[in-house]
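Heads up, the thing below is written out as structure tokens.
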Amino acid sequence: MNIATEILLLFAAVFFIVLFFVLLSKPIKWFFKLLINAIFGFIILFIVNFFGAYIELQLSVGWLSAIITGIFGIPGIILLILIENFFI
């Protein structure tokens, strides 16, 4: 791995550790709200992938993309499309 990849992985690890501790410090209802949003995000991503197959548009379905979609909705989907099709 090059140094940029290692630095990016380090920042990602620190971000997820901080996110984990923040989620533990909040009331449990925030966790369930995030879980419900992630489930809706998964459903939306599968729908986008189903209809996007006709125009050769595919999005990866994972927990992070589901949470982004569940929290941000349509702007989150547009963000994921831009990231996956133009930057990756």
Side-chain angles (χ1 to χ4, degrees):
M1 277 194 249
N2 60 19
I3 191 75
T5 305
E6 290 179 7
I7 291 173
L8 185 63
L9 287 175
L10 179 67
F11 281 127
V14 169
F15 172 75
F16 284 115
I17 290 171
V18 170
L19 179 66
F20 177 75
F21 284 115
V22 167
L23 286 177
L24 286 180
S25 68
K26 298 290 181 184
I28 197 73
K29 72 176 187 174
W30 288 99
F31 174 74
F32 285 117
K33 184 175 181 181
L34 184 64
L35 183 66
I36 296 295
N37 283 345
I39 291 170
F40 283 128
F42 272 120
I43 293 169
I44 292 170
L45 285 172
F46 281 116
I47 292 171
V48 167
N49 281 337
F50 179 75
F51 290 112
Y54 296 111
I55 59 171
E56 298 179 8
L57 175 71
Q58 296 291 321
L59 293 174
S60 63
V61 178
W63 280 105
L64 184 61
S65 59
I67 291 172
I68 290 172
T69 303
I71 291 175
F72 295 116
I74 301 295
I77 291 175
I78 293 170
L79 175 70
L80 289 173
I81 290 170
L82 290 174
I83 288 172
E84 289 190 16
N85 290 317
F86 296 112
F87 296 113
I88 294 181

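Note: hydrogens, waters and symmetry copies are ignored here, and every other heavy atom, side chains too, is used. Quantities reported herein were computed from a predicted structural model and do not represent experimental measurements.
- Distance check, rounded to the nearest 0.5 Å: CD1 of I39 to CD1 of I67 gives 10.5 Å.
- Among all heavy-atom pairs drawn from A66 and A38, the shortest one is CB-O, 3.5 Å.
- Here N37 contributes atom CG and F42 contributes atom CZ; the two are 12.5 Å apart, rounded to the nearest 0.5 Å.
- Remark: the backbone N or O of Q58 is not paired with any side-chain donor or acceptor of N49 at under 3.5 angstrom.
- Under a 3.5 Å cut-off, the side chain of E84 and the backbone N or O of S60 do form a donor-acceptor pair.
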Ignoring hydrogens and angles, write down the donor-acceptor pairs under 3.5 Å from the side chains of residues 69-81, residues two or more places apart or on other chains.
{"unit_1": "T69", "atom_1": "OG1", "unit_2": "S65", "atom_2": "O", "d": "2.8"}

